[in-house]
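Beneath this line is the structure, given in C-alpha cells, with notes to follow.
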Amino acid sequence: MAAFFSRISIFKIFLVFTLCFSDIGFLQGATSLGINYGQLGDNLLPPEKVLDLLSSLKITKARIYDTNPQVLTAFANSGVELMVTIENAMLGQLKNPQTAFQWVSSHIKPYFPATKITSIAVGNEVFTDDDTTVLLSNLVPAMVSIQTALTQLGLDSYIKISTPCSLAVLEESYPPSAGSFKPEVAQVMTQLLQFLQSTKAPFWINAYPYFAYKGDPNRVSLDYVLFNANQGMVDPFTKLHYDNMLYAQVDAAIYAMARLGFNGIEVKVSETGWPSRGDTNEIGATLQNAATYNRNLLRRQLQNEGTPLRPKMRLEVYVFALFNEDMKPGPTSERNYGLFQPDGTMVYNVGLSAISTSRTPTSSSSSSTTSASISDVFSSATKAATMEYRQSWVCWITVCMVTFHVFMGRPL
C-alpha cells in the first residue's frame with residue numbers, strides 16, 4: 001500500500017511539472033505584438049476598413065497618435081487594445097488638474113469601455129523634442145494630473161499612462177550593461193520613473209536599429225540589426241549573448257533605469273520598424289531590408305520571446321507602421337515605414353505564404369484583395385508557432401506515457 005501511494009505522489013509531481021513547463025495553451029499567437037496606425041496620409045482607408053486590416057492580421061493592439069473620435073468610435077466592441085496619444089503641445093495645458101479632468105472626461109470616458117483603451121501616451125519623444133526645456137517641465141505634472149483624473153473617474157485600474165522615449169535619451173547603450181541616461185535628462189527621468197513605478201506602468205521606448213546601421217554601416221553588422229543569422233555579441237560584463245540589436249537596445253534601457261535606482265519596471269517597444277525607401281544618403285533603406293526586418297521581427301514575436309536580460313518576460317512590440325504616410329515631413333524614409341499604402345495596397349511582400357483566416361470586408365472587391373494580401377504577412381510565422389505548439393503536445397504526451405509506465409511498474 002505504501003508503494004502504491006508513493007507511485008501516486010510521483011505521478012502527481014510529474015504531472016504538475018509537465019503542465020507547468022509545457023507550452024500548451026500559451027503559444028496561440030503573438031499576444032505581445034501591436035502596430036502603429038498613423039494618419040498623416042492622403043486617401044487613407046476609413047477607420048472601419050483599417051479595423052478589417054487589423055482583424056486580417058490578427059493584431060489586437062494598435063497605437064494612434066491622437067484621440068481621433070472617428071477611430072475611437074469605429075474600434076468600439078472590436079476587442080482591439082488601443083493606445084491613444086496626447087500631442088506634445090497639450091502638455092502645458094494638461095498639467096492643470098481641472099483641465100486634465102475635462103480632457104479625460106471628453107476624450108476618454110465617452111468611448112470606454114466599448115473601445116478598449118488600455119494606454120495613454122503622454123506626448124511622444126518629449127526628451128528629444130525641439131522644444132525640450134519647456135516640454136520636460138510639463139511632462140510629469142501632466143502625467144500626474146491625468147492619472148488623478150483617471151482615478152476620479154474610476155478608470156485608473158484599466159488604463160496605464162506612460163510616455164514613449166527615443167533611444168537618444170541614452171548616453172551609453174553598448175554593451176547593454178553599460179546603459180545609462182544622458183546627464184541632462186536624469187532629473188526629469190528620475191521623476192518619470194518614480195511615477196511609472198508607483199502606477200506600475202511600463203517604460204516605452206522607440207527603438208530603431210535602422211538608425212544605428214545607417215549611422216555606421218561599416219561597423220554595424222546588417223545581419224545583426226535585421227535579426228538574420230549571425231554571431232551576435234556577448235556582453236563582456238554579464239556574459240549574456242545578443243543575436244540582434246533590438247533586444248540589446250531594450251536591455252540597455254533596463255540597465256539605464258537600474259543605474260538611477262529603478263528595477264523591475266517593464267520596458268515595451270512603442271515603435272520599431274525599417275523604411276522601404278530613403279534618400280541617397282539613407283543607407284540601408286530598401287524594400288529587401290524592410291521586408292527582412294519585419295519578417296524576422298514578426299517571427300520572433302510569434303515565439304513570445306523576452307530579451308536575454310529578462311528571458312521570461314515577453315517583450316511587447318509595436319511595429320511602425322501600418323501605412324506609408326505621404327504627408328509626413330523630413331527625409332524620404334519618414335514617409336516609407338508602412339507595410340501598406342494609405343489605400344490598403346501592400347508596399348512589399350515580406351515573403352510569407354498565404355493563409356486567409358480574416359473576416360471578409362463588406363465593400364468592394366479591392367478590399368477583399370487587400371485582406372487576402374494582408375494575411376500573407378503573418379501566415380508563415382503562424383505556421384511555425386503552430387508546429388511548436390504541436391511539438392509541445394507530443395512532448396507532453398510522451399512524458400505522460402513514461403510516467404504511466406513508472407506508475408504501473410511496467411518496463412518501457
Exercise. Yes or no on side-chain contact (heavy atoms from CB on, under 4.5 Å) for Q93 and W103, after CA distance, side-chain angles and deciding distance?
Worked result: CA-CA 10 Å; Q93 302 173 46; W103 185 90; over 6 Å; no
For this session: Test F101 against I146 for side-chain contact (heavy atoms from CB on, under 4.5 Å), laying out the working first.
Result: CA-CA 7 Å; F101 183 84; I146 296 165; over 6 Å; no
For this session: Walk me through it: do L322 and I59 pass the test side-chain contact (heavy atoms from CB on, under 4.5 Å)?
Result: CA-CA 11 Å; L322 186 58; I59 288 182; over 6 Å; no
For this session: Evaluate side-chain hydrogen bond (donor to acceptor under 3.5 Å, both in side chains) for Q39 paired with N68, printing each intermediate quantity in order.
Result: CA-CA 10 Å; Q39 300 164 63; N68 186 330; 2.9 Å; yes
For this session: Test side-chain hydrogen bond (donor to acceptor under 3.5 Å, both in side chains) on D251 and Y242 and set out the steps.
Result: CA-CA 10 Å; D251 281 357; Y242 292 86; 2.6 Å; yes
Exercise. Given the rule in the side-chain contact (heavy atoms from CB on, under 4.5 Å) test, do V317 and K268 qualify, once you have shown the distances and angles that lead to the verdict?
Worked result: CA-CA 6 Å; V317 173; K268 299 184 179 184; over 6 Å; no
For this session: Check the pair T272, Y293 against side-chain hydrogen bond (donor to acceptor under 3.5 Å, both in side chains), reporting the backbone distance first and the verdict last.
Result: CA-CA 10 Å; T272 190; Y293 183 83; 2.6 Å; yes
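Here the shortest heavy-atom pairing between L167 and A207 reads CD1-CB, 3.8 Å. Nearest heavy atom pair, residue M313 against residue E266, reads SD-CG, 3.7 Å. Across every non-hydrogen atom of V126 and G123, the tightest pair is CG2-CA, 4.0 Å. Considering every non-hydrogen atom in both G278 and E282, the closest pair reads CA-OE1, 3.2 Å. Contact detail for K95 and G92: the closest heavy-atom pair is CG-O, 3.3 Å. Listed here is the closest heavy atom pair of G264 and R310: N-NH2, 3.5 Å.
P175 places a side-chain heavy atom less than 4.5 Å from the side chain of F237. Using a 4.5 Å heavy-atom cutoff, the side chains of Y337 and F323 are not in contact. Counting only heavy atoms from C-beta outward, the side chains of L153 and S105 approach each other to under 4.5 Å. Within the 4.5 Å cutoff, no side-chain heavy atoms of S145 are placed close to those of L94. Using a 4.5 Å heavy-atom cutoff, the side chains of L54 and Y37 are not in contact. Residues L309 and Y255 meet the side-chain proximity criterion, which asks for heavy atoms closer than 4.5 Å. The shortest distance between side-chain heavy atoms of Q249 and S173 does not fall below 4.5 Å.
No donor-acceptor pair closer than 3.5 Å links the side chain of T73 to the backbone N or O of Q70. Looking at T85, its side chain does come within 3.5 Å of a backbone N or O of I64 through a donor-acceptor pair. Without hydrogens or angle criteria, N96 side chain to Q98 main chain gives a donor-acceptor distance under 3.5 Å. Between the R335 side chain and the G330 main chain, a donor and an acceptor come within less than 3.5 Å of each other. Remark: side-chain polar atoms of N138 are not paired, donor with acceptor, to backbone N or O of L91 under 3.5 angstrom. Remark: the backbone N or O of T238 is paired with a side-chain donor or acceptor of D235 at under 3.5 angstrom. With hydrogens and angles ignored, the 3.5 Å screen pairs no side-chain donor or acceptor of K214 with any backbone N or O of A285. In this structure, S55 contributes its side chain and L51 its backbone to no donor-acceptor pair below 3.5 Å. Side-chain atoms of D129 do not come within 3.5 Å of backbone N or O of E125 as any donor-acceptor pair.
A distance of 7.0 Å separates OG1 of T163 from CG of N124, quoted to the nearest 0.5 Å. Interatomic distance, Y224 OH to L246 CG, rounded to the nearest 0.5 Å: 9.5 Å. Remark: Q301 CD to L33 CG distance equals 5.0 Å, nearest 0.5 Å. For the atom pair CD1 of I86 and OH of Y65, the computed distance is 15.0 Å after rounding to the nearest 0.5 Å. One distance of note links CG of L287 with OG of S276; it measures 5.0 Å at 0.5 Å rounding. If you take CD on Q152 and CD on Q147, they are separated by 11.0 Å, rounding to the nearest 0.5 Å.
Aromatic ring centres of F320 and Y210 lie farther apart than the 6.0 Å criterion allows.
Side chains of Y348 and N294: a donor-acceptor N/O pair is present below 3.5 angstrom, by distance only. In summary, the side chains of N206 and S270 do present a donor paired with an acceptor at a separation below 3.5 Å, with no hydrogens or angles considered. A donor-acceptor contact closer than 3.5 angstrom is absent between the side chains of D223 and N230.
By the 4.0 Å N-to-carboxylate-O rule, E81 lies close enough to K61 to be salt-bridged with it. Checked for salt-bridge contact, R63 and E271 meet the test: a charged N lies under 4.0 Å from a carboxylate O.
Note: Y213 and W274 have tilted aromatic rings, judged against thresholds of 30 and 60 degrees for the angle between ring planes.
Applying the side-chain contact (heavy atoms from CB on, under 4.5 Å) criterion to Q341, with sequence neighbours excluded, gives N324, D343, T345, V347. Taking the salt bridge (charged side-chain N to carboxylate O under 4.0 Å, His left out) definition, one finds that E305 meets it with R300, sequence neighbours left out. Taking D326 as the reference, D42 meet the side-chain contact (heavy atoms from CB on, under 4.5 Å) condition, with sequence neighbours excluded. Residues that satisfy the salt bridge (charged side-chain N to carboxylate O under 4.0 Å, His left out) test with K328, not counting sequence neighbours, are E334.
Counting heavy atoms of neighbouring residues, nucleotides and ligands inside a 6.0 Å radius, atom CD of E87 exceeds 12 of them. When the shell of 6.0 Å around CG of D216 is examined, it contains more than 12 heavy atoms from other residues, nucleotides or ligands.
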Show the atom names and distances, to 0.1 Å, of all donor-acceptor pairs under 3.5 Å that link a side chain in residues 113-122 to residues at least two apart or in another chain.
unit_1 : atom_1 : unit_2 : atom_2 : d
T115   : OG1    : L72    : O      : 2.5

Could you list the donor-acceptor pairs under 3.5 angstrom formed between side-chain atoms of residues 179-197 and any protein atom two or more places apart in sequence or on another chain?
unit_1 : atom_1 : unit_2 : atom_2 : d
K182   : NZ     : A168   : O      : 3.0
T190   : OG1    : A186   : O      : 2.7

